[in-house]
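A short worksheet on the structure shown next.
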Amino acid sequence: MAQMYNPKEIERKWQDRWEKSAAFTAEDNSQKPKQYILDMFPYPSGEGLHVGHVEGYTATDIYSRYKRMKGFNVLHPMGWDAFGLPAENYAIKTSVAPQETTDKSINNFRRQIKALGFSYDWSREVGTHNPDYYRWTQWLFTKFFEKGLVYKKKALVNWDPVDQTVLANEQVLPDGTAERSGAKVEKKDLEQWFFKITDYANELEDSLEQLDWPESTKINQRNWIGRSEGAELEFKIDGHQVSIKVFTTRSDTLFGATYLVLAPEHPELLNLKLQITNWDEVETYINEAKNKSDIDRSADGKEKTGVELKGIMAINPANKEEMPVWVADYVLGHYGTGAIMAVPAHDERDYEFAQRFGLPVRQVLEPFYTQETEPGKVKKDMPYDHRNAIIAVVKHWSEDKYIALKWKQVAWVTFVTGGIEEGQTAEEAAKMEIEQETGYTSAELVEDYGLIHGLFYHVPKKVNRVAHAQALLFALKNDSRQEVSAEELEKHEVLWLSAEELKRQLTPGTHQHTLRLMLGTQGPYIGPGILNNSGTFDGMQSEEAKQKITEFVGGKTKTTYRLRDWLISRQRYWGAPIPIVYDPEGKAHSIPEEHLPWMLPTDVEFKPTGTSPLGQSKELLERTERIFGKGWRPEIDTMDTFVCSSWYFLRFADAHNKKEFASKEELNKWLPVDLYVGGAEHTVLHLLYGRFFTKALHDMGYLAFDEPFLRLRHQGLILAVDGNKMSKSKGNVVNPDDIIVEYGADILRLYMMFMGPLEQMKPWNTQNIAGVQRFLERVWRLGTTLRTNEPKLEAKSSSQEALLHRTIKKVGDDIESLKMNTAVSALMILLNECEKEEVSSDTYKIFLQLLAPFAPHIVHELAEKNGVDLAKWPAYDESKLVAKTLIIGVQVDGKLRGSIELAVDAPQAEALAAARVHPAVAKWLNKGEKKVFYVPGKIVSFSTV
RNA sequence: GCCGCGGUGGCGGAAUUGGUAGACGCAAGGGACUCAAAAUCCCUCGACCGCAAGGUCAUGAGAGUUCGAUUCUCUCCCGCGGCACCA
């Protein structure tokens, strides 16, 4: 009599066994190839494990178990990102020490994770709050300090008034609130410790390319690093020794620079104090700016402000013209040189500012579009991909309809700007003007080029310049016009071609045209173009001009980054103490290795006072004086917890090393991480810092690699049943514990994988659990009754055999690419087939092997009962992947009309013959066949047109 | 505003060197078993027309390329994520 599937019992049994036998310990001495599979370690919050954790951890667990079966030596560790504010805030409320809260949470997390049967190597568990661990965090800090990668400076920093601490730029959201507390971030001028991550800006950008990471994550990092290549140009102040350096990416527009702008923080302002005749006004402005937050300075739709520095003038090095100098807070002090040259004609911000204060606008660029045409073809080397853009709408001359014209259909375009004479139609005016301008009659254009004319009808939005044009002549390359409804007319933009240019380009006998077109918009033109009003540089293209003009004025090319140094000081208690002491003169010294770990003192109150809690510790002060001498003071800030998590993946290689943060040998054996899975919220913070640490340690000679995570994937957010984010306040949180109690770990794991693609955001739906539950129950039933069946040995039909081999291949491939949802569905299909045809025990055994990584408990139990070897992943036979015959569709004119069964390799003649006699097909073929397509194993397609 | 990703049945989602759209599962309807229910098993299940055979439409909307488009190209709409005075 078969027993019922009892997940609770089975799961407890196998979890105990795995625990006792330390079944998943990575092998220290092994000939097998290694595989380091890592989850982002969790912050052990009091709320316990979230289903989002379960999703990611299940995926890596399946991957790890699969890799072990494939013969890899797998390192799959787990640890705790244990420092952080929630435990400290809890301490403030309840006076329970953070240490105690944290350990309790960790125990709960560990219990929950073990209840899911994940195959972690628990012997390598680490917690960042353990002195054994933070001792090495501190040690790394001192090494960075020695290398000059850590420094202290006074800076305007982000201050979180709720959490009472400073924050890194990365921890402030775009709306100016703190990521963690939600408080509005303030500016404070404080002396703080920084990591010099900017030293690595270039490398961090460059090596992104080689990583197998989600493209969006790479782009986020690129944006954050913000590499920008340009030039540094120097502007002399007329009659003084002083000169102002500006950074620009558009030195090609230098001749159009009509004024300079300095940031309010610009140091040169004070040096010019005596020359500036309206200093009072300027000073007031500077002080106002200082008190504004970044958000206020850049508030949406805010009008730009600024004050002219009266009494001084700068000289444009290109044309030696005088230009006024302004101070304005739209220029940022910390980026580039803190000063810009303003080119209002070709920069939106400068344009806006110039309009506001009546400053001159000088246009020095004409936009261009290069189009190389063969008859009917457009090459892909246009600066802008406007080939398919609808550029205008015309009323056709001879037919009464509106036509949308795409750029690729247009050989040239012009507008008639001269107006319409009395008694003249727009059409006639167009013809007249085009004849005057080009020397060709419209009839000749039609004759020579096979073109069609259209009458300009509509003045589209955004186009001011041609708003009063009366008509336009179109020349179409072909006749594939698209009719447009009157409403759609509103939407289109029109490109402008000057009449002279048209004339110049009209060279009969060639199909190469360079068309210079101008967007008929009012604002600045910010794209590349051809220079004018630029002295000897007229006619040159932007790219070339950038370099030439930079040389011409003696500037130098320069690369600038948006990335700023990483502020790591925190005025909080629950973190790793910064291992620095100050001598009586106030000079900072790193704490020598023999005094590490530099213990976090315990004699402190947790009430926030705005200064670091460590400052209250008598013990810390006494310790410092005892070790270093009278008058020495300890640093009382702690480190950002992101420092702790920037190297934990290294520690796992050698988690209990007492002499080093990890031995070189172990590091280079296990690292880099082969697969890293975690939430997308870490796209810049943790992942950038971890890369920075790795590169810095590589350069110091500790690591043989310089990228920590070769392959990265994010798990998608799990939404609540109601489609909202899960949150305690909404009461819609799903607790993994509850699901395990009700269904068991295997069902939860399988359900989470079956929900959908790993990286996608997916809503939780308890109802759907029934599907995987039934599946496992059927697996169980089949497994427990198997012995009572007479196994039918390999009496399988070709199609069933093909299914088995295809499933082996598919499940393996899907695990490799983390498409767990389709792997589960393939397993379901195989099981369905097994049940239908009365399973052979061999097929079922292979099925169990395939299911093992997904639902390890039930499979181990059934494998034990049925004598299945779970140490090996089954192999498939390439030659058996395809059934000998299969059913393919027959189309006539693209519509499916029937299907026929054919041998996979049936020759075309046979396939066509079979298709033609199919009655449903035959009746559509009476018009006669024009063309036939046969793709073996896929389709037969007839065309009658 | 810019960049990136996405939009497929009642629902979660399958399907890409372009080749039978809707795999697998949930829900729903019908049936078998049962005194009854649960569980289990079988059948139906994109929309419309039709007794049926069959046909028409259908992957956010519109167009294009193709014998053939969820897949490639373009325009537009909507959702999500990131960036947003970075010169």
Side-chain angles (χ1 to χ4, degrees), chain A residues 174 214-220 222-224 226 228 230 246-250 253 261 294 297-300 302 304 328-332 334-337 339-343 347-350 352-353 385-390 404 406-408 480 482-485 488 491-492 560-563 680-681 683-684 717 751 754-757 759-765 767-772 774-775 777-778 781 819 821-822 824-829 832 887-899 919-920 923 929-935 937-945:
Chain A
E215 211 45 50
S216 59
T217 303
K218 291 202 221 177
I219 287 167
N220 284 164
R222 285 210 177 93
N223 288 344
W224 193 262
S228 166
V246 308
F247 173 73
T248 178
T249 55
R250 293 303 300 272
T253 62
V261 188
D294 276 2
R297 270 172 74 157
S298 65
D300 230 6
K302 187 188 84 83
K304 287 189 170 32
D329 66 7
Y330 82 93
V331 173
L332 306 174
H334 56 73
Y335 183 78
T337 61
I340 61 151
M341 65 179 208
V343 186
D347 182 280
E348 273 174 30
R349 299 149 299 179
D350 298 342
E352 197 190 313
F353 192 79
D385 192 3
H386 281 155
R387 282 165 296 131
N388 280 296
I390 293 173
K406 291 189 175 182
W407 174 231
K408 68 178 178 183
S480 53
Q482 168 193 348
E483 208 170 333
V484 197
S485 70
E488 275 181 321
K491 298 175 190 165
H492 304 294
T560 303
Y561 301 87
R562 273 177 55 178
L563 185 69
E681 66 274 18
T683 52
V684 281
L717 198 63
Y751 166 65
F754 193 53
M755 286 176 89
E759 313 213 358
Q760 193 172 301
M761 191 188 280
K762 305 168 282 283
W764 180 271
N765 182 350
Q767 225 171 29
N768 285 353
I769 298 177
V772 290
R774 282 175 204 148
F775 171 66
E777 276 167 356
R778 281 158 54 210
R781 224 173 296 140
K819 291 197 242 168
N821 54 329
T822 49
V824 174
S825 119
L827 288 165
M828 287 174 167
I829 292 169
N832 290 346
I887 293 163
I888 69 169
V890 181
Q891 295 182 335
V892 179
D893 291 334
K895 286 200 164 62
L896 185 73
R897 297 302 180 184
S899 49
K923 82 179 196 197
E929 303 166 21
K930 286 268 165 49
K931 281 187 213 156
V932 183
F933 300 82
Y934 171 52
V935 184
K938 301 273 189 188
I939 200 136
V940 177
S941 180
F942 295 100
S943 165
T944 67
V945 287

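Numbered from 1 within each chain, the chains take letters A, B, ... in sequence-line order.
- Pairing for B:rG25 goes to B:rC11, judged as Watson-Crick or G-U wobble with the two contacts each under 3.5 Å.
- Nucleotides B:rG81 and B:rG25 place their P atoms 33 Å apart, quoted to the nearest Å.
- In this structure, A:S941 reaches the bases: a heavy-atom distance under 4.0 Å links it to at least one base atom across the strands shown.
- Following rounding to the nearest Å, A:W224 (CH2) and B:rG81 (P) show an atom-to-atom distance of 17 Å.
- Across the C1' atoms, B:rU73 and B:rC24 are found 33 Å apart, a figure rounded to whole Å.
- B:rG7 and B:rG12 are spaced 15 Å apart, taking the C1' atom of each and rounding to whole Å.
- Rounded to whole Å, atom P of B:rG6 lies 12 Å from atom CD of A:E215.
- Within 90° of 0 lies the glycosidic angle of B:rG9, which makes this nucleotide syn.
- In this structure A:E348 satisfies the side-chain contact (heavy atoms from CB on, under 4.5 Å) test together with A:P524, A:I526, sequence neighbours excluded.
- In this structure, of B:rC85, B:rC26, B:rA21, it is B:rA21 that holds the atom nearest to the side chain of A:Q891.
- At B:rC26, one or more side-chain N or O atoms of A:R774 fall inside 4.0 Å of OP1 or OP2 (strictly under the cut-off).
- Separation of the P atoms belonging to B:rA32 and B:rG22 is 31 Å when rounded to the nearest angstrom.
- Contact annotation: A:Y330 side-chain N/O to B:rA87 OP1/OP2 distance is not under 4.0 Å.
- Here the nucleotide nearest the side chain of A:L896, chosen from B:rA84, B:rA21, B:rU40, is B:rA21.
- Between the side chain of A:K930 and the base of B:rC67, no donor-acceptor pair of N or O atoms lies under 3.5 Å.
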Between the protein and nucleotides 13-16 of chain B, list the N/O to N/O atom pairs that are separated by less than 3.5 angstrom.
residue : atom : partner : partner atom : Å
B:rG13  : OP1  : A:Q760  : NE2          : 2.8
B:rA14  : OP1  : A:N821  : ND2          : 2.9

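- Taking the P atoms as reference points, B:rU59 lies 12 Å from B:rA21, given to the whole Å.
- If you measure from atom CD of A:E348 to atom P of B:rA84, you get 17 Å, rounded to the nearest angstrom.
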ask   = Given A:L717 and A:M761, is the side-chain contact (heavy atoms from CB on, under 4.5 Å) satisfied, shown in steps?
value = CA-CA 5 Å; A:L717 198 63; A:M761 191 188 280; 4.0 Å; yes

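- Side chain to side chain, A:N223 and A:R562 fail the donor-acceptor criterion of an N or O pair below 3.5 Å.
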query = Could you run down nucleotides 42-49 of chain B 5' to 3' and tag each one B, S or - for protein heavy-atom contact under 4.0 Å?
reply = --------

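- Following rounding to the nearest Å, A:L827 (CG) and B:rG25 (P) show an atom-to-atom distance of 12 Å.
- With the nearest nucleotide of RNA chain B identified for both A:T248 and A:A770, A:A770 has the one nearer the 5' end.
- The distance from atom CG of A:N768 to atom C1' of B:rA27 is 8 Å, rounded to the nearest whole Å.
- The CZ atom of A:R897 sits 13 Å away from the C1' atom of B:rU20 (whole-angstrom rounding).
- A:N223 comes within contact range of no nucleotide atom at all, as no heavy-atom separation falls under 4.0 Å.
- The residue A:I340 sits close to a base: some heavy atom pair falls under 4.0 Å.
- For A:S228, a side-chain nitrogen or oxygen approaches OP1 or OP2 of B:rA87 to under 4.0 Å.
- At whole-Å resolution of the value, NZ in A:K895 and C1' in B:rU20 are 14 Å apart.
- Nearest to the side-chain atoms of A:N832 among the listed nucleotides B:rA87, B:rC24, B:rG19 stands B:rC24.
- Each of B:rA87, B:rC24, B:rA27 was ranked by its minimum atom distance to the side chain of A:Q767; first place goes to B:rA27.
- Rounded to a whole angstrom, the distance from the P atom of B:rC11 to that of B:rA23 is 15 Å.
- Considering only residues two or more places apart in sequence or on other chains, A:T822 meets the side chain to side chain donor-acceptor pair (under 3.5 Å) condition with A:D814.
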inquiry  = One pair to check against side-chain contact (heavy atoms from CB on, under 4.5 Å): A:D893 and A:K895. What are the steps and the verdict?
reply    = CA-CA 6 Å; A:D893 291 334; A:K895 286 200 164 62; 5.8 Å; no

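- Regarding A:I939, its CD1 atom lies at a distance of 12 Å from the P atom of B:rG68, rounded to whole Å.
- Residues satisfying the side-chain contact (heavy atoms from CB on, under 4.5 Å) criterion with A:A826, sequence neighbours excluded, are A:T807, A:K810, A:V811.
- By the ring pair (Phe, Tyr, Trp, His ring centres under 6.0 Å) test, A:Y751 pairs with A:W764, sequence neighbours left out.
- Nearer to the 5' terminus of RNA chain B, by closest-nucleotide assignment, is the contact made by A:V772 (compared with the other of A:D350 and A:V772).
- Not a single salt bridge (charged side-chain N to carboxylate O under 4.0 Å, His left out) links A:D350 to another residue, sequence neighbours left out.
- As rounded to the nearest Å, B:rC57 and B:rA69 have P atoms that lie 12 Å from one another.
- Among the heavy atoms of the strands, none lies under 4.0 Å from A:I769.
- With B:rG68, B:rA87, B:rC3 as the candidates, the nucleotide lying closest to the side chain of A:I219 is B:rC3.
- The partner of B:rU40 is B:rA32, by the rule that a Watson-Crick or G-U pair needs both atom distances under 3.5 Å.
- Every residue two or more places apart in sequence or in another chain that forms a side-chain contact (heavy atoms from CB on, under 4.5 Å) with A:T560 is listed here: A:F247, A:Y335.
- Across all strands shown, B:rC2 forms a Watson-Crick or G-U wobble pair, both distances under 3.5 Å, with B:rG82.
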request  = Kindly determine whether A:R778 and A:N832 satisfy side-chain contact (heavy atoms from CB on, under 4.5 Å), including the steps that lead there.
outcome  = CA-CA 9 Å; A:R778 281 158 54 210; A:N832 290 346; 2.4 Å; yes

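- Proximity of A:K938 to the phosphate of B:rG19: no side-chain N or O atom is located under 4.0 Å from OP1 or OP2.
- Shown here, B:rA63 forms a base pair with B:rU73; the pair counts as Watson-Crick or G-U wobble because both key distances fall under 3.5 Å.
- For the pair A:R250 and A:M341, the tightest heavy-atom approach, listed with the atom from each and the gap, is O-CE, 3.5 Å.
- Closest approach of A:I887 to A:S899, counting heavy atoms only: CG2-CB, 3.8 Å.
- Distance check on atom P: B:rU8 versus B:rG1 gives 24 Å, rounded to whole Å.
- With sequence neighbours excluded, the residues satisfying side-chain contact (heavy atoms from CB on, under 4.5 Å) with A:K931 are A:F933, A:S943.
- Nearest nucleotide to the side chain of A:R562, out of B:rG4, B:rA84, B:rC85: B:rA84.
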